[in-house]
Number of protein chains: 2
Amino acid sequence: MVLSPAGNSTTPRRLAESVLAVAGEVTSTEQFDAWWTGCRRWNEAVVRKAPLEELDGWLTDRSTGNIVHRTGKFFSVEGLEVEVAGGPVQRWSQPIINQPEVGLLGILIKDFGGILHCLMQAKVEPGNPNGAQIAPTVQATRSNYTRVHQGKAVPYLEYFRDRGRTRRVLADVRQSEQGAWFHHKRNRNTIVEVEEDVKLLDGFCWLTVGQVHQLLAVDDLVNMDARTVLSCLPLSGDGVSSGQGEDFRSCLERSCAGEHGGLHTTGEILNWITEIRTTTDVGVERVPLNGLVPWSREAGEIAHPSGRFFRVVGVDVRAGGREVGNWMQPMIEPIGTGLVAFLVKRVDGVLHVLMHARVEPGYLDIVELAPTVQCTPENYDVLPSAARPEFLDEVLRASAGQIRFEAVLAEEGGRFFRARNRYLLVETDLAVPPDAFPRHRWMTMSQITGLLRHSHYVNIQARSLVACLHSLLARADTR
Amino acid sequence: MVLSPAGNSTTPRRLAESVLAVAGEVTSTEQFDAWWTGCRRWNEAVVRKAPLEELDGWLTDRSTGNIVHRTGKFFSVEGLEVEVAGGPVQRWSQPIINQPEVGLLGILIKDFGGILHCLMQAKVEPGNPNGAQIAPTVQATRSNYTRVHQGKAVPYLEYFRDRGRTRRVLADVRQSEQGAWFHHKRNRNTIVEVEEDVKLLDGFCWLTVGQVHQLLAVDDLVNMDARTVLSCLPLSGDGVSSGQGEDFRSCLERSCAGEHGGLHTTGEILNWITEIRTTTDVGVERVPLNGLVPWSREAGEIAHPSGRFFRVVGVDVRAGGREVGNWMQPMIEPIGTGLVAFLVKRVDGVLHVLMHARVEPGYLDIVELAPTVQCTPENYDVLPSAARPEFLDEVLRASAGQIRFEAVLAEEGGRFFRARNRYLLVETDLAVPPDAFPRHRWMTMSQITGLLRHSHYVNIQARSLVACLHSLLARADTR
């Protein structure tokens with residue numbers, strides 16, 4: 001037979017074993033702690049705000065006012081005019097980052113002692129609130145790996161780019177990033193398993209999936225790029241099942257396994273997404289940053305007169321670690337800490353997640369599935385009350401017993417300055433009838449994982465929460 | 001239990017029964033013939049060429065030269081500049097149709113006597129080579145159903161638009177159309193089953209899937225919109241299996257069923273698509289039609305100096321049937337009959353289709369999976385020899401015994417004037433090693449059907465061939 005089997009391979013079971021190996025195999029928890037302490041000391045970066053006018057290498061285009069790199073590469077900050085027919089805010093203007101190239105986010109995986117390990121790195125980025133964070137093996141813009149910035153070669157890139165190499169590709173899919181701040185930005189999320197020996201470089205560490213999962217619960221530790229790649233792991237629940245219980249973890253396992261069905265079939269979910277994407281009228285036009293009402297550029301920053309939403313700021317970076325020494329760049333600095341939450345619910349022994357079909361102006365395809373709630377609560381002080389997100393109160397009022405996961409995690413530190421969200425998994429028994437909430441649907445983890453094989457279905461914040469929810473597969477918890 | 005089952009529903013089996021019911025149930029072959037003869041007589045249209053300058057309701061924009069409707073609705077003809085790094089033709093300009101709205105193509109399905117039937121209509125369109133063709137139940141641009149053209153209401157539209165109605169949605173997905181002639185055009189392909197009584201209007205007819213399939217083999221009969229919707233039927237081969245044979249049909253059934261695996265896993269196919277989409281650099285810019293080198297506007301048409309590719313022409317339509325009486329419009333008139341072919345191959349008892357990852361400038365996502373060969377052979381007389389499609393000679397030289405299907409079918413008659421392609425399914429035993437042919441991959445029908453649940457994977461020509469290949473499920477053939 002030359003045919004490859006159609007059914008599940010052994011990969012989900014091997015991944016499940018790694019999910020459960022929270023104590024580590026190659027790297028013990030103590031060894032990780034020691035390594036991490038060393039990395040943080042070594043990877044210091046001094047980041048200072050700098051006026052947009054004084055950023056070396058960056059220009060304000062005379063006619064458009066757009067902020068561009070003198071090489072025309074990397075990215076630019078431009079204006080966007082948005083019109084959402086029937087939305088609570090029907091029309092607005094905003095600055096947005098335009099970075100059309102597709103970067104690579106890759107995790108290299110290898111079996112040690114029968115357990116799959118992820119090669120993770122300590123990476124400093126200027127927008128990180130606290131210096132180094134845990135990043136995927138490779139996190140490279142196309143400018144990085146074509147060496148526009150004349151930095152060093154990207155380590156381990158060859159495992160992802162050499163097609164001739166013997167390897168197993170566990171996931172490979174382009175996914176969107178923040179559609180509120182990025183115009184059509186996508187990165188390639190890739191997970192590759194190799195059997196050959198891999199040299200361990202300084203600043204890198206082999207961790208089981210379970211170890212990385214447990215680190216998700218630590219504030220500001222696992223970076224956004226690591227979280228999105230982790231969410232693409234083809235975890236099916238196969239190999240973690242603990243039996244017939246009605247406890248949270250058993251319900252989560254059944255949700256991942258998929259064979260138990262769900263409140264809606266996948267066909268119904270796809271029908272719902274197509275309906276919303278076809279009937280949502282969103283007009284998006286790229287416009288010059290000059291004269292973008294009501295934003296103003298003063299004191300070296302671009303800000304909204306309300307003081308809300310975000311600012312465009314400049315930073316001056318002096319890094320002491322593996323990265324290029326000194327550089328300056330514009331960044332987006334959000335105002336306030338965001339709130340990102342899944343409501344989850346056990347239905348007939350299967351955990352369901354309440355997904356929200358959300359419009360963001362930078363999406364390539366109008367609408368993506370977002371967390372139940374994704375917002376910065378303070379922004380609604382200056383917006384019409386109809387704009388207040390549904391289910392926000394359920395999340396804000398959740399009792400300690402309802403909260404299954406909570407951590408404050410940072411977004412991309414290469415473009416966003418100290419952008420932090422409180423990530424929450426909140427259990428509920430709320431009824432959410434589809435007719436009353438046409439833009440929300442209960443989905444199983446298996447359905448979400450199925451959509452994650454394809455581009456532009458599940459947004460970046462929801463992907464972070466998928467990784468967090470997967471991390472609960474290893475938590476002993478019989479409630 | 002409130003959960004819907006995750007596994008296959010009974011739908012594939014019920015569809016398979018309809019595929020095999022080639023003699024009809026509600027409508028016998030004789031009744032169909034009589035109905036169709038009547039429709040053709042009743043639905044006469046007189047279509048004459050008219051100079052672009054003399055089209056009632058259409059204007060040439062003074063500054064851009066673009067051809068637009070005076071209402072700003074419907075569609076426009078604009079210019080496009082295309083750059084494909086590393087392609088055999090790296091840079092070209094062309095006129096293109098811009099029609100950003102998403103139309104609806106829907107087939108209504110209903111069970112009669114235990115057999116599913118499709119409600120098909122006889123529809124005249126000005127570009128059809130021969131008047132009426134068999135069309136889906138609903139074929140409506142958004143302008144149609146919002147009544148911009150002030151025509152009559154679209155019959156049966158309510159079955160697709162009223163979400164409150166009791167119905168089963170068998171497929172609902174936005175799919176691209178010709179990326180060589182349309183900029184970012186997509187239509188919603190929807191298949192809805194109802195149980196309630198449906199009034200049969202003049203010009204409509206209930207046919208089994210098998211009957212429509214058999215009509216695909218008749219030249220210029222089943223229109224493109226019907227073919228693309230048919231390709232989205234969730235046929236799994238379940239219910240058509242004839243056993244263990246190595247004959248063509250048994251191999252096709254196994255290919256549809258999917259459980260027998262394939263030369264590549266679906267993960268490998270997705271990895272291949274992501275790799276190609278990430279590494280193919282295509283630059284597309286909408287430009288004014290004015291001064292689009294080397295195209296010229298003379299004698300009321302826009303043409304390429306080589307006389308090849310296509311022309312933009314005007315037509316004057318006087319329709320005698322159900323459509324609005326008289327109108328004029330611009331159309332694209334391709335030069336020459338195209339050739340569209342799948343090479344198919346039995347591998348370990350499973351039929352495989354050789355798909356081609358093809359760039360077309362109008363695609364929303366750079367590359368889609370196209371037939372093995374899709375071209376107009378005469379065009380290569382004026383193009384570099386490297387542009388000659390791979391596998392063209394295998395298709396042109398195929399013996400009668402290799403040809404499993406052949407018909408000349410027309411493309412969308414609402415925008416394209418007498419655009420016809422010779423559709424071929426050619427069996428081969430050619431070895432196509434992936435390293436030597438990086439843009440081609442053997443796929444099973446199950447893999448193609450799986451991708452057809454999602455947007456922008458399988459192009460319009462390949463979807464026509466998928467419908468044609470499905471039609472062979474009912475052909476007794478033991479070769």
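Quick note on labels: first sequence line is chain A, next is B, and so on, each numbered from 1.
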Point to revise | Residue-level interface, residues 182-193 of chain A with chain B, non-hydrogen cut-off under 4.5 Å | key: A:Arg186, A:Arg188
Check your understanding: Most heavy-atom pairs under 4.5 angstrom with chain A, which of B:Gly262, B:Gly267, B:Gly261?
Key -> B:Gly262
Check your understanding: Is any side-chain heavy atom of A:Val344 less than 4.5 Å from a side-chain heavy atom of A:His352?
Key -> no
Point to revise | Distance-only side-chain donor-acceptor flag, B:Thr166 / B:Glu195, under 3.5 Å | key: no
**Study point:** Gap between atom CD1 of B:Ile269 and atom CE of B:Met443 - 0.5 Å precision
**Key:** 4.5 Å
Exercise for review: Taking the side chain as every heavy atom from C-beta outward, state whether A:Trp442 and A:Val347 have any pair of such atoms under 4.5 Å apart.
Suggested key: no
Point to revise | Pair B:Asp429 + B:Arg346: basic N to acidic O under 4.0 Å | key: no
Study note, to complete from the structure: Most heavy-atom pairs under 4.5 Å with chain A, out of B:Leu170, B:Val350, B:Leu104, B:Leu263, belong to B:Leu263
Study note, to complete from the structure: One should read off an interatomic distance between A:Asp225 CG and A:Gln139 CD, to the nearest 0.5 angstrom, of 3.5 Å
Review point. Is it the backbone or the side chain of B:Thr266 that comes under 4.5 Å from a heavy atom of chain A, or both, or neither?
Key: both
Check your understanding: Is B:Arg167 close enough and on-axis enough to B:Tyr159, meaning under 6.0 Å and within 45°, for cation-pi?
Key -> no
Revision key, fill the gap. Under a 4.5 Å heavy-atom criterion, the part of residues 272-287 of chain B in contact with chain A comprises B:Thr274, B:Glu275, B:Arg277, B:Thr278, B:Asp281
Review point. Between A:Leu451 and chain B, which part of the residue has a heavy atom less than 4.5 Å away: side chain, backbone, both or neither?
Key: side chain
Review point. Any side-chain heavy-atom pair from A:Leu351 and A:Thr444 closer than 4.5 angstrom?
Key: no
Review point. So do the side chains of A:Cys232 and A:Val173 get within less than 4.5 Å of each other, counting heavy atoms only?
Key: yes
Review point. Is a side-chain donor or acceptor of B:Arg254 paired with a backbone partner of B:Gln244 at a separation under 3.5 angstrom?
Key: yes
Check your understanding: For chain B, which of A:Asn271, A:Val102, A:Asp435 has the most heavy-atom pairs under 4.5 Å?
Key -> A:Asn271
Check your understanding: Would A:Ile109 and A:Arg168 count as a side chain to side chain contact (heavy atoms under 4.5 Å, CB included) if you check the C-alpha gap in whole Å, the side-chain angles of each, and the deciding distance to 0.1 Å?
Key -> CA-CA 9 Å; A:Ile109 286 196; A:Arg168 187 177 294 121; over 6 Å; no
Check your understanding: Looking only at side chains, do A:Asn459 and A:Tyr363 share a donor and an acceptor under 3.5 Å apart?
Key -> yes
Point to revise | Interface moiety of A:Val169 toward chain B, non-hydrogen atoms closer than 4.5 Å | key: side chain
